Amino acid sequence: MSDVRLETDIAVIGGGLVGAAIAYGLAREGRAVRVLDEGDVALRASRANFALVWVQSKGLGMPEYAAWTRASAAAWPALAAALREDTGIDVGLSQPGGFTLALSEAEMQRRMEMTRLLHNQPDMVKYDYEILDHAQTSKRLPAIGRDVVGSIYCPLDGHVNSLRLFRCLHQAIKRYGVGYHPNCAVETITPIAQGFALEGSFGELRAGKLVLAAGLDNARLAPMVDLEAPVVPSKGQIIVTEKVAPFLTYPMHTLRQTDEGGVMIGDSQEDHGFDTAVTTAVISVMAQRAVRMFPLLAKLNVVRTWSALRVMSPDGFPIYAQSRIHPGAFLATCHSGVTLAANHALTLAPAIARGGLPRGTSSFTSERFHVPTLA
Amino acid sequence: MFRRLPEATGAPIPFTFDGREMVGRRGDTVAAALLAAGISVCRTMAVSGAPRGPYCMMGVCFDCLVTIDGAANRQGCLVLLVEGMRIKTQAGAPQAQAEEGAT
Ligand SMILES: Cc1cc2nc3c(=O)[nH]c(=O)nc-3n(C[C@H](O)[C@H](O)[C@H](O)COP(=O)(O)OP(=O)(O)OC[C@H]3O[C@@H](n4cnc5c(N)ncnc54)[C@H](O)[C@@H]3O)c2cc1C
Ligand code: FES
């Protein structure tokens, strides 16, 4: 079936945020890399996300994830600087700290309890956060409405311009000579003597090493190299308003003003399989909550709504693994590809280039899904 | 740049644009009335400040944004011209403003 036969040192399957960040990191290590990607019909979380670089609330149940997330947020300025140097593009990174606002006492109690449990875990990475009441919150966020009961503030949180980040990563890998091949969906992977043979309607690509970064399709591809990626879609919906003069310096967990002035509202998480319809019921609850948080949003025009699919593992944490049976085959998948982009480019990719996974990531393999239940 | 078709009728509708008195025709949208009056720039972009004027005339491009009777960022091509409308250039991004007593 092969009409074209290509060869490369490392093949990355998937050109979303995860694949592009890893390809960027590998290329910076001087590796010959090719990225195989689907076309415009692809399910791409990377083109539709909320753009937070978010630390607070991450890692309940897996403190290593809290540490990994915190490290990525700390490495983000270095990623932004490297990207600016390589492409001239400013991805609009801003890390002033972020708030999670609560709209009822019950919600506030729930969030405080979650935060307490998170930070009381053994081996939990230490970082600052503050629990604020209405008055303390309104000192820093004068535009909040009276329904805001309180908030949790963490100085490590921030956001970027996510579409610019995506474009910038692709421009950067091109500059490093990475071959980017759209409309080249990989159908099968076969381990061969010198690595892997990847086949699809495009022909065949032989690669010494392989990184699976195909988002939801990792579930299908991983078993071909004896890996496992039990990821499923989790729908998220987003509202964007017209651009207005800057009034919000800080990002909230579910609401932020972009560097260009539009306000993004995104609050939903649903599990409806591969359905990407925008639904008025969900959108109107999101809009109502947003207006209670910031009453001045009530008068703004909504210019777009959309929905997209998160790539969700059974416990919500990332999966990074190398195949034991077919070494050289790596898997990377997560549901916070923006936040973790700095780690993917600056920590994970260099380790993969050296043939392994970074230190401190051993808990992220898919073996954790097979812990035998104790009787 | 634009001329009305000779068969175009419709009663004259007076309005102002940035304080200047102008006349459109019944049935005009705000954007059509501005173009017919020789106005080709009605807003500046919120990000770059570049000048823009009505383009698609069907609600898609948002290049026809104007402030109408104090309401910012209205799409001129989707609003019918009404007698006495005070239309203003949409200069960059407007301020988000709270409704009375909302906070
Ligand atoms: C609504 C929403 C809000 C979000 N908000 C945030 C946020 O605020 N902060 C944050 O950090 N993260 C956020 N995320 C998550 C983030 O967008 C994802 O973690 C990230 O985009 C995942 O990137 P990915 O490359 O793994 O997957 P995707 O972007 O889904 O990309 C997968 C790529 O693989 C390609 N592909 C699939 N199958 C094949 C194949 N067989 N062969 C070749 N190529 C293939 C596809 O073409 C696609 O380009 C959000 C996600 C959603 C949906
Ligand atoms: S002219 Fe395009 S939206 Fe009005």
Side-chain angles (χ1 to χ4, degrees), chain A residues 89-92 94 101 103 134-135 137-149 151 161 163-164 167 239-250 252 255-265 287-305, chain B residues 17-18 29-34 39 41-82 85-103:
Chain A
I89 298 174
D90 176 2
V91 296
S94 154
L101 303 182
L103 288 173
H134 176 93
T137 307
S138 88
K139 273 209 191 99
R140 295 183 218 176
L141 291 170
I144 53 167
R146 56 178 162 235
D147 286 0
V148 175
V149 172
S151 67
N161 183 312
L163 290 177
R164 225 183 289 141
R167 174 162 71 95
I239 303 175
V240 180
T241 72
E242 61 187 319
K243 296 182 172 67
V244 286
F247 72 97
L248 252 190
T249 343
Y250 300 98
M252 316 296 125
L255 194 155
R256 66 187 200 92
Q257 186 173 28
T258 72
D259 57 342
E260 299 193 335
V263 178
M264 288 180 81
I265 301 162
Q288 273 163 16
R289 282 182 55 88
V291 168
R292 287 173 64 205
M293 289 176 183
F294 294 96
L296 50 66
L297 297 176
K299 280 194 181 168
L300 296 190
N301 291 310
V302 167
V303 290
R304 258 183 294 285
T305 59
Chain B
F17 180 66
D18 289 341
T29 61
V30 165
L34 289 175
I39 306 290
V41 171
C42 65
R43 74 155 177 138
T44 56
M45 290 181 74
V47 179
S48 67
R52 286 287 187 274
Y55 178 64
C56 72
M57 301 299 275
M58 59 183 199
V60 191
C61 71
F62 289 77
D63 273 335
C64 58
L65 297 178
V66 282
T67 297
I68 302 177
D69 293 333
N73 269 355
R74 309 250 1 232
Q75 282 168 279
C77 73
L78 299 183
V79 179
L80 270 183
L81 185 69
V82 171
M85 264 182 176
R86 285 165 296 121
I87 302 165
K88 283 191 182 154
T89 295
Q90 182 62 52
Q95 298 286 340
Q97 271 158 2
E99 280 168 288
E100 288 294 300
T103 39

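Each chain gets a letter, A, B and so on, in the order the sequences are listed, and its residues count up from 1. Model, not experiment: these values are computed from the prediction.
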Where B/A96 and A/L300 come nearest, the two heavy atoms and their spacing: CB-CD2, 4.2 Å
Nearest non-hydrogen partners of B/A93 and A/A245, listed with the distance: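 Nearest heavy atoms, B/A93 then A/A245: CB-N, 3.5 Å.
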Neighbours of chain A found in residues 43-54 of chain B - heavy atoms under 4.5 Å: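 B/A46, B/V47 fall under the 4.5 Å cut-off.
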Chain A neighbours within residues 61-80 of chain B, where any heavy atom lies under 4.5 Å away: B/F62, B/A72, B/N73
Listed partners of A/R140 passing salt bridge (charged side-chain N to carboxylate O under 4.0 Å, His left out), at least two apart: A/E130
Contacts of A/R292 that satisfy salt bridge (charged side-chain N to carboxylate O under 4.0 Å, His left out) - sequence neighbours left out: A/D147
